[in-house]
Engineer: 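First, the structure itself, so that you have it in front of you.
Numbers restart at 1 for each chain; the letters A, B, ... are given by sequence-line order, proteins then strands.
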2 protein chains.
Amino acid sequence: MQSRTPAGRTGRPRSAAADAAILEATRQALVELGWSKLTLGDVATRAGVAKTTLYRRWAGKNELVVDAVAELFDELELPDRGSLANDIEGVVLQFAAILDRPEARSGLMAAVAESTRDDALRERIRASIVDRQKRLVLEGRARAQCRGELPSEPDPEEAARTVDLIFDMVAGAVVHRTLMSGKPADEAWVRDFTRVLLLGLASQSPETP
Amino acid sequence: MQSRTPAGRTGRPRSAAADAAILEATRQALVELGWSKLTLGDVATRAGVAKTTLYRRWAGKNELVVDAVAELFDELELPDRGSLANDIEGVVLQFAAILDRPEARSGLMAAVAESTRDDALRERIRASIVDRQKRLVLEGRARAQCRGELPSEPDPEEAARTVDLIFDMVAGAVVHRTLMSGKPADEAWVRDFTRVLLLGLASQSPETP
DNA sequence: AGCTTTCGCTACGACTCGTAGCGTAATGCC
DNA sequence: GGCATTACGCTACGAGTCGTAGCGAAAGCT
């Protein structure tokens with residue numbers, strides 16, 4: 001993930017336990033200190049490794065935090081709950097639960113802030129976090145089309161645009177609700193949100209009247 | 001804004017020109033350096049003031065950047081374009097234009113990240129940035145109800161929830177599109193987004209079937 | 001005038017950064 | 001077993017930033 005497990009055959013291999021300890025220590029430090037007060041020296045001490053070991057594996061604070069936060073999104077799943085509405089509500093509640101964790105809030109937002117001036121970091125976030133979420137939208141949409149809950153889209157380009165739109169609307173609304181408005185994305189809110197979104201998607205017309 | 005213009009009548013007054021120069025220098029430094037590499041000493045030099053002057057007015061980097069970024073949102077307006085759809089498209093495009101500026105992207109996101117561990121900072125962001133945007137939603141909704149484009153909501157509590165929901169959906173989608181997906185919120189996207197949102201809002205039923 | 005507050009400047013200890021060097025530990029290959 | 005190779009822990013280092021203190025000068029008010 002963060003560095004080539006160099007397939008170089010000879011020599012002492014890198015400790016996988018150290019990787020796990022460092023990422024866990026990073027999340028713990030994010031909770032206690034937040035992004036700006038987090039130092040790599042402190043993370044190394046918490047993880048029980050030398051500071052130099054940390055620098056050998058990650059280029060800097062940005063990359064380390066992205067990897068540490070990305071693991072939080074591994075648990076995202078899309079179980080079949082029978083209807084598109086239930087599927088959406090389920091995954092949105094999962095997403096909201098992750099954003100409830102302090103290490104996800106400060107880590108993700110700070111990384112995104114830095115990525116506005118670092119293309120490599122932006123790509124890293126996209127590959128390890130954003131795309132993983134987006135896949136759920138793709139899967140849920142396909143499942144809904146099989147059920148006949150959503151119209152099938154013949155044009156692949158148009159379909160991709162629609163998926164992008166849905167993804168930004170869902171994830172954006174949850175993030176904004178949680179971080180900007182500072183209110184919980186609880187079941188009542190998720191129900192209201194899902195209703196508005198689905199009504200908008202179900203009654204899609206090819207063009208505005 | 002950032003410090004009491006102390007109403008204490010006597011003594012040398014604080015230079016308003018220094019305030020403007022500092023905030024402008026902060027935005028410029030955000031563009032060139034980004035959040036993490038921005039130092040208050042550098043901002044002071046750019047603004048032509050002493051570093052101590054900066055510390056006398058702002059508590060730290062967080063507060064300074066919030067004030068500097070908040071000014072960018074002053075230009076948000078809601079001209080009457082004749083229909084709710086046009087009103088929404090107009091204000092979303094304005095919002096997207098602001099988020100196109102590098103100082104808004106990195107500054108706002110970094111401040112939000114820090115606000116997850118600083119309640120006072122969160123409140124500052126809410127008062128000087130978020131609430132100002134939310135007022136536009138309130139105004140646009142009232143205008144649409146006068147036109148008959150949206151059903152009027154008798155219950156004030158329910159109305160407040162709906163306004164919150166719309167606000168998070170609009171602002172969240174634009175922010176996510178711009179910063180997470182890394183794609184422009186151009187006219188084509190805004191048109192698609194507005195259509196889905198309005199269809200969802202227009203066909204509102206009191207309860208899910 | 002006299003009083004009050006701000007301003008620019010300098011200096012300061014404390015902290016973090018990222019790197020270099022060294023000796024040691026763990027593996028693969030012969 | 002011995003050897004080459006790589007990772008590890010540790011220490012030390014110059015550079016840079018932080019936030020504050022102290023000083024004399026400047027700018028307003030009465």
Engineer: List every contact pair, protein side and nucleotides 1-3 of chain D side both N or O, where the distance is under 3.5 Å.
Structural biologist:
none

Engineer: List in numerical order all residues of residues 31-55 of chain B for which some heavy atom is under 4.0 Å away from an atom belonging to DNA chain C.
Structural biologist: B:Gly48, B:Val49, B:Ala50, B:Thr52, B:Thr53
Engineer: State whether the side chain of B:Thr116 and the backbone N or O of B:Val112 hold a donor-acceptor pair below 3.5 Å, judged by distance alone.
Structural biologist: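 No.
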Engineer: Hey, are A:Glu114 and B:Ser36 close enough side-chain-wise for a donor-acceptor pair under 3.5 Å?
Structural biologist: yes
Engineer: Tell me: CH2 of B:Trp58 to C1' of D:dC18, nearest whole Å?
Structural biologist: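 Atom CH2 in B:Trp58 sits about 18 Å away from atom C1' in D:dC18.
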Engineer: According to the interplanar angle, ranging from 0 to 90°, do the rings of A:Phe95 and A:Phe73 count as parallel (below 30°), tilted (30 to 60°) or perpendicular (above 60°)?
Structural biologist: tilted
Engineer: Applying the salt bridge (charged side-chain N to carboxylate O under 4.0 Å, His left out) criterion to B:Asp67, which one of B:Lys61, B:Arg27, B:Arg124 satisfies it?
Structural biologist: B:Arg124
Engineer: Salt bridge between B:Lys183 and A:Asp168, side-chain N to carboxylate O under 4.0 Å?
Structural biologist: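 Looking at A:Asp168 together with B:Lys183, the answer is no, because their closest N to O distance does not fall below 4.0 Å.
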Engineer: Please list each protein N or O that sits under 3.5 Å from an N or O in nucleotides 24-27 of chain D, with the distance.
Structural biologist:
from	atom 1	to	atom 2	distance (Å)
D:dA26	N3	B:Arg12	NH1	3.1
D:dA27	O4'	B:Arg12	NE	3.4

Engineer: Which value, rounded to the nearest 0.5 Å, describes the distance between A:Thr26 atom OG1 and A:Glu71 atom CD?
Structural biologist: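 Spacing of OG1 (A:Thr26) from CD (A:Glu71) equals 9.5 Å.
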Engineer: Rounding to an integer number of Å, can you tell me how far A:Asp19 CG sits from D:dA7 P?
Structural biologist: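 Those two atoms, CG and P, are 12 Å apart.
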Engineer: Rounded to whole Å, please give me the gap between CG in A:Leu64 and P in C:dG18.
Structural biologist: 12 Å
Engineer: Salt-bridged, A:Arg147 to A:Asp87, with N to O below 4.0 Å?
Structural biologist: yes
Engineer: Can you find an N or O donor on one side and an acceptor on the other, under 3.5 Å apart, linking the side chain of B:Arg56 with the base of C:dG8?
Structural biologist: yes
Engineer: Less than 4.0 Å between a side-chain N and a carboxylate O, is that true for A:Asp131 and A:Arg126?
Structural biologist: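 Here A:Arg126 pairs with A:Asp131 in a salt bridge, since their nearest N and O are under 4.0 Å apart.
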Engineer: Between A:Asp42 and A:Arg46, is the closest basic N to carboxylate O distance under 4.0 Å?
Structural biologist: yes
Engineer: Would you check, one step at a time, whether the test salt bridge (charged side-chain N to carboxylate O under 4.0 Å, His left out) holds for B:Arg191 with B:Glu187?
Structural biologist: CA-CA 6 Å; B:Arg191 210 178 320 122; B:Glu187 293 194 13; 5.0 Å; no
